[in-house]
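In what follows, chains are A, B, ... by sequence order, proteins preceding strands, each numbered from 1.
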Protein chains: 2
Amino acid sequence: MSQPPDGRVPDLTLLIARNRPRFRTATEFVEAAMREAILEGVLPAGAPLRQEDLAAAFGVSRMPVREALRQLEARALVEFHPHRGAVVAEISAEDSADIGAIRAALEPAALRLSLPHLTADDFALAAELVAEMDAEADPGRMGELNRRFHMTLYARAGRPRLLALVEQHLAAADRYLRFQFAALGYHPRSQDEHHALLTACHAGDGEAACGIVVRHVIQAADQLGAFLEGRG
Amino acid sequence: MSQPPDGRVPDLTLLIARNRPRFRTATEFVEAAMREAILEGVLPAGAPLRQEDLAAAFGVSRMPVREALRQLEARALVEFHPHRGAVVAEISAEDSADIGAIRAALEPAALRLSLPHLTADDFALAAELVAEMDAEADPGRMGELNRRFHMTLYARAGRPRLLALVEQHLAAADRYLRFQFAALGYHPRSQDEHHALLTACHAGDGEAACGIVVRHVIQAADQLGAFLEGRG
DNA sequence: CAGAGGTAAATTGGATCCAATATCCAGGCA
DNA sequence: TGCCTGGATATTGGATCCAATTTACCTCTG
């Protein structure tokens, strides 16, 4: 992680500058910025979230921070400990398997709905993202590309709630992509699967594509689970 | 439904008495009570949620109410309109199909994981719940029983996050069960499917059971969608 | 009589203030 | 020396207060 867990809030100025104009209310802004920070790994798992410090970092009072933390709690991204403050939610090996099971159920469903409606532009974008991933070395950026690649293939499903759920769990898994990245050569193997997935989709072979997605997801979850197991 | 949408907060004393002792903080209590009220239909879709009134009804200040509303917003149960207040989220025909697609993906997955670990006690409980539903006439209670029946079959999946997600969407669908109930004879047909589902599970036939669940879920979503379409 | 404009009321969004509780460190006692 | 106790400190949970904005009503005018 970019910051040692010393209790200080990492530098969020970039996130703030990027997001602030997009939102009308401070609460929405803080929620979006903090969610992004957690998913990008700027706020690592276990990091304490002092309300006072966050408020100062965002240039608002504690109240929008509190509301944002409650929303993130509902999304299982942060945990509250009574009178001890909130921390970025840790993930366990069981959680990894759990998220893997959810992804393995949702993503094929999204793909099946989306596949018939994918356009040439969609395939071009997906191919471009795979190519970018081939060249990318930065783990943080990797997660972003990986997410966009998957979501591009699912985007035409026409089911906003389903897609939101898929994206949420995809992001939750990506929080730890950097570990898999650092560990035993996940990257090339994952990339092979991305290529195969794109090919199957382009060929219109939904069943093959879904099979690849399921294996891809399960394998990622297993690998992350093994890594986390080794840690704990 | 029990209340006309006159802007007044319905009587919540029962919910309050039932829930208050279970929670340490006012925020958690309000969040749980309001979620229950929305899912049970005590607070119908579209009902305005005046912070001041809710605070008075719960005997707290506006602050815990605001935090609770934010959490419910993250769960898509309420919507905020700038400076006009929050309302209980409406559901559209598209939303119904959306939730149906999610359930159709998640519930078979949960059932497949759970089925091998179901005990005789579980089957007994499930059978009892089906029998209760056969006799039940009250729509509100129906939803509760329906939810518990489904969750009993999924309970041994050993995936807490997956189960939480399943329960959440099951509950979201159940909010409108009373409409299907009132409309064209949904009840008997649904009950036939419940019986068939239980039989298949008891026989250990996972594939058949999953097929029944998927049809059951899709059919419920279609019927609700048609009903909502007729309304809008 | 209808419509536009303006003002007042209502309600949320945000900040500050107060109380309750958990942590931490120092000091005393076994 | 190690453990327990007690008070100071830090931090959250909750309440009150203020400002900004929207809605509704009422009046005035064409």
Side-chain angles (χ1 to χ4, degrees), chain A residues 5-10 12 16 19-35 38 43 46-74 77-90, chain B residues 5-10 12 16 19-35 38 43 46-74 77-90:
Chain A
D6 60 356
R8 300 307 314 157
V9 174
L12 301 173
I16 293 173
N19 285 323
R20 177 68 254 215
R22 289 173 38 207
F23 297 99
R24 209 180 14 48
T25 70
T27 298
E28 291 174 14
F29 156 57
V30 171
E31 198 268 343
M34 286 191 57
R35 185 171 54 195
I38 292 171
L43 290 171
L49 300 170
R50 274 309 115 57
Q51 294 180 4
E52 196 77 46
D53 296 349
L54 290 168
F58 284 114
V60 297
S61 84
R62 265 180 54 211
M63 168 129 346
V65 172
R66 283 167 62 173
E67 290 184 327
L69 286 174
R70 287 296 181 188
Q71 290 181 293
L72 296 171
E73 183 195 21
L77 286 177
V78 313
E79 294 171 3
F80 276 76
H81 298 286
H83 283 281
R84 280 192 308 153
V87 299
V88 178
E90 300 271 2
Chain B
D6 61 355
R8 300 306 315 156
V9 173
L12 301 172
I16 293 172
N19 285 322
R20 175 72 257 212
R22 289 171 39 208
F23 297 98
R24 209 183 23 5
T25 70
T27 298
E28 290 174 14
F29 156 57
V30 172
E31 198 269 342
M34 287 191 56
R35 186 172 53 196
I38 292 172
L43 290 170
L49 300 169
R50 271 311 115 55
Q51 295 180 2
E52 196 75 47
D53 297 349
L54 289 168
F58 285 113
V60 298
S61 83
R62 266 180 54 211
M63 168 129 347
V65 173
R66 283 167 62 172
E67 290 184 322
L69 287 174
R70 288 294 181 187
Q71 289 182 295
L72 297 171
E73 182 195 21
L77 287 177
V78 314
E79 294 171 2
F80 276 76
H81 298 286
H83 283 281
R84 280 194 307 157
V87 299
V88 177
E90 300 271 3

* According to the interplanar angle, ranging from 0 to 90°, do the rings of A:Phe23 and A:Phe29 count as parallel (below 30°), tilted (30 to 60°) or perpendicular (above 60°)? -> tilted
* Structure fact -> Heavy-atom nearest nucleotide on DNA chain C taken for A:Arg84 and for B:Arg70; more 5' hit belongs to B:Arg70
* D:dT23, C:dT12, C:dT16: which one has an atom nearest the side-chain heavy atoms of A:Met63? -> C:dT16
* Integer-rounded Å distance: C:dT12 P and A:Glu28 CD -> 15 Å
* Answer yes or no: does a side-chain N or O of A:Arg50 lie under 4.0 Å from OP1 or OP2 of D:dT11? => yes
* **Nearest heavy atoms of A:Val87 and A:Leu49, plus distance in Å** => C-CD1, 3.9 Å
* Asked: With respect to the side chain of A:Thr25, which nucleotide from D:dA15, D:dT23, C:dG13 is positioned closest?
  -> C:dG13
* Asked: With respect to the phosphate group of D:dG13, does any side-chain polar atom (N or O) of B:Thr27 fall under 4.0 Å of OP1 or OP2?
  -> no
* Asked: What is the distance, rounded to the nearest whole Å, between atom CG of B:Asp53 and atom P of C:dA10?
  -> 12 Å
* Asked: Could you give the CZ-to-C1' distance, from A:Phe80 to C:dT21, as a whole number of Å?
  -> 16 Å
* Atom pair distance, as rounded to whole Å: CD in A:Gln51 and C1' in D:dG14 -> 12 Å
* When you get a sec, tell me which of C:dT12, D:dG14, C:dA22 is the closest nucleotide to the side chain of B:Ser61? => D:dG14
* Asked: A:Arg24 has an atom CZ; how far is it from atom P of D:dA19, in whole Å?
  -> 21 Å
* Contact class for B:Leu69 vs. all strands (heavy atom < 4.0 Å): base, sugar-phosphate, or nothing? -> nothing
* Asked: More 5' along DNA chain D: B:Arg62 or B:Glu67, using each one's nearest nucleotide?
  -> B:Glu67
* **Atom of B:Val30, atom of B:Val65 and distance for their closest heavy-atom approach** => CG1-CA, 4.2 Å
* side chain to side chain contact (heavy atoms under 4.5 Å, CB included) against B:Glu67, all qualifying residues, sequence neighbours excluded -> A:Arg66, A:Arg70, B:Thr27
* Asked: In whole angstroms, how far is the P atom of D:dT11 from the CD atom of A:Glu52?
  -> 8 Å
* To do: Round to a whole Å and report the spacing from CD of B:Glu79 to C1' of C:dT12.
  => 17 Å
* Please evaluate the base of C:dG14 for a donor-acceptor partner in the side chain of B:Arg66 within a cut-off of under 3.5 Å? => yes
* From the options D:dT21, D:dT12, C:dA15, select the nucleotide whose nearest atom is closest to the side chain of A:His83. => D:dT12
* Let me know the distance between NE2 of B:His81 and P of C:dT12, rounded to the nearest Å. => 12 Å
* To do: For residues A:Gln71 and B:Ala74, report the shortest heavy-atom separation together with the two atoms involved.
  => O-CB, 3.8 Å
